[in-house]
Amino acid sequence: MILKWLNFNRKICIVFVLSISPFIVSTAQNGYDVRVEKYNSTWQKLIPRYMKMQYAGGMGFLSLGTGWDYGKNKQWETDVFMGYLPKFSTDNSKITFTLRQNFMPWNTKLNDKFSFEPLATGLYVNTILGDDFWVHEPDRYPKGYYGFSTKMRFNIYAGQRITYNIPHDKRSIAKSFTFYYEISSNDLYLVNAFTDSYWGPKNYLRLSFGIKMQIL
């Protein structure tokens, strides 16, 4: 009687294990798939979404950059630029590096192909690569002689954008092209504007133009 009872319980255990084993395997596979998906998603987020080319704006004569857009309506952007600065007050041309954060609160659809952003604004910091400029005042100058860095500038801008959305059947390397202009200034210019009565808008404001090619 006891042997029959043990055999019966063993059969129940076997049936129970066999019944839940697909669920266990499925759960393990799903857990693995989820981790792989999150891993791939994280790396995909690091892929730049667009390319930019900009003329002027305190980043050099001509700058090339890339970046990422995000937010519910893609209203935020983070850019990185490398710019070219021709010879001016130095013997050699220079390369600049810029990190920029952009915000576009509104996007108005004009028709199936064009959209308009009435306000694009943001902050950016840029630096000149090389030894001719400095962040901290060199010892050869009296303390406080300059009071500002010649190597790094903090900037603010506002502008507008218009975007041409390429039809799906005609896309090859780009999804859309955006044309924009910006009016900008930097920390040093703004200080001079408030402290020097001879400084007018043409002295502390800069006009720049650019194009953005949306890849993803």
Side-chain angles (χ1 to χ4, degrees), residues 50-69 71 73-90 92-108 110 114-130 132-137 144-164 176-214:
Y50 52 82
M51 303 290 290
K52 285 185 179 181
M53 180 172 65
Q54 180 169 319
Y55 164 75
M59 304 188 304
F61 173 76
L62 190 67
S63 301
L64 297 176
T66 188
W68 303 263
D69 51 13
N73 299 310
K74 304 296 184 183
Q75 71 272 31
W76 293 98
E77 290 180 351
T78 300
D79 302 336
V80 288
F81 281 92
M82 297 295 290
Y84 170 73
L85 188 64
K87 291 187 293 185
F88 180 65
S89 59
T90 60
N92 301 309
S93 57
K94 301 293 181 183
I95 300 297
T96 67
F97 175 79
T98 301
L99 176 63
R100 187 162 75 162
Q101 184 67 36
N102 311 310
F103 177 58
M104 293 72 62
W106 306 289
N107 191 319
T108 303
L110 301 178
F114 288 93
S115 60
F116 175 64
E117 290 166 318
L119 175 63
T121 186
L123 303 169
Y124 58 99
V125 57
N126 65 297
T127 183
I128 301 177
L129 306 182
D132 294 327
F133 303 89
W134 35 264
V135 176
H136 301 289
E137 200 171 66
Y145 182 80
Y146 276 100
F148 60 87
S149 167
T150 62
K151 190 179 183 68
M152 186 174 295
R153 293 269 69 82
F154 294 90
N155 306 261
I156 186 172
Y157 83 89
Q160 295 179 319
R161 302 180 177 190
I162 187 167
T163 299
Y164 170 68
S176 64
F177 285 94
T178 298
F179 305 90
Y180 64 88
Y181 79 88
E182 297 172 355
I183 297 175
S184 63
S185 189
N186 63 41
D187 51 349
L188 181 59
Y189 286 180
L190 291 175
V191 168
N192 287 335
F194 283 102
T195 58
D196 190 339
S197 59
Y198 291 100
W199 269 57
K202 66 178 181 179
N203 299 114
Y204 60 83
L205 296 180
R206 301 166 305 199
L207 178 63
S208 58
F209 301 92
I211 182 172
K212 168 188 172 185
M213 181 176 71
Q214 191 78 32

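Owing to the predicted nature of the structure, the values given are computational and were not obtained by experimental measurement.
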Do you know which two heavy atoms are closest between [X] and [Y], and how far apart they sit?
| X | Y | result |
| --- | --- | --- |
| Ile95 | Met82 | CG2-CE, 3.5 Å |
| Ala56 | Leu207 | CB-O, 3.8 Å |
| Gly60 | Leu85 | CA-CD1, 4.2 Å |
| Thr121 | Tyr157 | OG1-O, 2.8 Å |
| Tyr180 | Ile211 | CE2-N, 3.6 Å |
| Gln54 | Ser208 | NE2-OG, 3.5 Å |

Nearest 0.5 Å, please: how far is [atom2] in [Y] from [atom1] in [X]?
| X | Y | atom1 | atom2 | result |
| --- | --- | --- | --- | --- |
| Ile156 | Phe154 | CD1 | CZ | 13.0 Å |
| Ile128 | Lys94 | CD1 | NZ | 8.0 Å |
| Phe81 | Met53 | CZ | CE | 10.5 Å |

With no hydrogens and no angle check, is any side-chain donor or acceptor of Thr127 less than 3.5 Å from a backbone partner on Phe97? no
Salt bridge (Lys or Arg N to Asp or Glu O under 4.0 Å) partners of residues 53-68, not counting sequence neighbours, each pair once: none
Sequence neighbours excluded, every pair satisfying salt bridge (Lys or Arg N to Asp or Glu O under 4.0 Å) that has a member inside residues 117-128: none
[X]: partners by ring-ring contact (aromatic ring centres under 6.0 Å, His included), with sequence neighbours left out:
| X | answer |
| --- | --- |
| Phe114 | Tyr164 |
| Phe116 | none |
| Tyr55 | Phe61 |

Please set out all donor-acceptor pairs under 3.5 angstrom arising from side-chain atoms of residues 185-196, sequence neighbours excluded.
residue: Ser185; atom: OG; partner: Tyr204; partner atom: O; Å: 2.6
residue: Asn186; atom: OD1; partner: Leu188; partner atom: N; Å: 3.1
residue: Asn186; atom: OD1; partner: Tyr189; partner atom: N; Å: 2.7
residue: Asp187; atom: OD1; partner: Arg153; partner atom: NE; Å: 2.8
residue: Asn192; atom: ND2; partner: Leu188; partner atom: O; Å: 3.4
residue: Thr195; atom: OG1; partner: Val191; partner atom: O; Å: 2.7
residue: Asp196; atom: OD1; partner: Tyr198; partner atom: N; Å: 3.0

Residue set satisfying side-chain hydrogen bond (donor to acceptor under 3.5 Å, both in side chains) with Thr163, at least two apart, ordered chain then number -> Thr178
Met213 meets the side-chain contact (heavy atoms from CB on, under 4.5 Å) criterion, sequence neighbours left out, with Met51, Ile173, Ala174, Phe177, Ile215
Pairs touching residues 74-86 that satisfy side chain to side chain donor-acceptor pair (under 3.5 Å), sequence neighbours left out: Tyr50-Asp79, Lys52-Glu77, Lys52-Asp79, Tyr70-Thr78, Glu77-Asn102, Glu77-Arg161, Glu77-Lys212, Thr78-Gln101, Asp79-Arg100, Asp79-Asn102
